[in-house]
J.: 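Here it is, the structure, as structure tokens.
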Amino acid sequence: MANTYTWTVTNLIGYPLFDGQTDVVTTAFYTVVADDGAGHTASIQNIQPTPLSAERPFVPFADLTNDIVVGWIQDELGTNGVDGIEANLDAQIAAQINPPPTPQSLPLPWVAPPAPDLSAPVN
């Protein structure tokens, strides 16, 4: 089953007044959560500038939605950025399902192991 991704805007930063417009958003904080539907999830948090653009019409602050701002974020990240974030989350979930081996301390090959303590009583 493919992972699902939920993009959520968690905070907006902007100017109260800019170029004749009020409450102009210039930066968005967001979280992306991946879920495999079988109890494994992974998430990241990040910040993305959402620069003003002539190609993107101004949206009054009161009319903004999570979907609109996520669209801005994903436009700024580009396809490769979005794919990279989702691939990172996929790798985190894969590591939960099949954990990688844990490194262990190895004895130094040039140091002889300690001799057993033969004075200790044997039960």
J.: Locate the shortest heavy-atom distance separating Thr41 from Gln96; write the atom from each residue and the value.
T.: O-NE2, 2.6 Å
J.: Do you know which two heavy atoms are closest between Pro51 and Arg56, and how far apart they sit?
T.: O-NH2, 2.6 Å
J.: Under the side chain to side chain donor-acceptor pair (under 3.5 Å) test, which residues partner Gln45, sequence neighbours left out?
T.: none
J.: Do you know the tightest heavy-atom contact between Gln92 and Ala42?
T.: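 Looks like OE1-CB, 3.5 Å.
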J.: Looking only at side-chain N and O atoms, does Asn66 offer a donor or acceptor that is under 3.5 Å from a partner on Tyr30?
T.: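 Tyr30 vs Asn66: no donor-acceptor pair found between side chains.
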J.: If you measure from CD1 on Ile44 to CH2 on Trp7, what distance do you get to the nearest 0.5 Å?
T.: 6.5 Å
J.: Give the cluster check for Phe61 versus Phe18: same hydrophobic cluster or not, with ILVMFWY residues linked at side-chain heavy-atom distances below 4.5 Å.
T.: no
J.: Please say yes or no: joined through hydrophobic side-chain contacts below 4.5 Å, possibly via intermediate residues, are Ile47 and Val69 part of one cluster?
T.: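 Result: no, two separate clusters.
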J.: Using every non-hydrogen atom in the two residues, find where Asp117 and Ser119 come nearest and quote the distance to one decimal.
T.: OD1-OG, 2.6 Å
J.: Are Phe58 and Val9 connected into the same hydrophobic cluster when the rule is that any two of I, L, V, M, F, W, Y join if their side-chain heavy atoms are below 4.5 Å apart?
T.: no
J.: If only atom types and distance count, is the side chain of Ser43 paired as donor or acceptor with the main-chain N or O of Val32 below 3.5 Å?
T.: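 No; zero donor-acceptor contacts below 3.5 Å.
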J.: For residues Val25 and Trp72, determine if any side-chain heavy atom of one lies less than 4.5 Å from a side-chain heavy atom of the other.
T.: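 Counting from C-beta outward, Val25 and Trp72 do come under 4.5 Å.
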J.: What distance do Ile93 atom CD1 and His40 atom NE2 have between them, rounded to the nearest 0.5 Å?
T.: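 Ile93 atom CD1 to His40 atom NE2 measures 8.5 Å (nearest 0.5 Å).
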J.: Mind checking the CD-OG1 spacing from Glu86 to Thr4? Nearest 0.5 Å is all I need.
T.: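 Rounded to the nearest 0.5 Å, the CD-OG1 separation comes out at 10.0 Å.
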J.: Please round to the nearest 0.5 Å and tell me the distance separating atom CD of Gln74 and atom CG of Asp83.
T.: 10.0 Å
J.: Hey, what do you get for CG (Asp35) to CG (Leu89), rounding to the nearest 0.5 Å?
T.: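 Here the interatomic distance stands at 11.0 Å.
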J.: Hydrophobic clusters here meaning ILVMFWY residues chained together by side-chain heavy-atom distances under 4.5 Å, can you tell me if Val70 and Ile85 are in one?
T.: yes
J.: Are side-chain heavy atoms of Val24 and Asp19 found at a separation under 4.5 Å?
T.: no
J.: CG/Leu12 to CG/Asp23 distance, rounded to the nearest 0.5 angstrom?
T.: 10.0 Å
J.: Mind checking what makes side-chain contact (heavy atoms from CB on, under 4.5 Å) contact with Asn11, not counting sequence neighbours?
T.: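 side-chain contact (heavy atoms from CB on, under 4.5 Å) check on Asn11 returns Ile13, Phe29.
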J.: Spell out, yes or no, whether Val82 and Tyr5 are grouped together once hydrophobic residues are joined by side-chain heavy atoms under 4.5 Å, including indirect joins.
T.: yes
J.: Check the pair Asp36 / Ile97 against side-chain contact (heavy atoms from CB on, under 4.5 Å), numbers first and verdict last.
T.: CA-CA 10 Å; Asp36 73 349; Ile97 296 168; 3.6 Å; yes
J.: With the side chain counted from C-beta on, respond yes when Thr65 and Val59 share a heavy-atom pair under 4.5 Å apart, and no when they do not.
T.: no
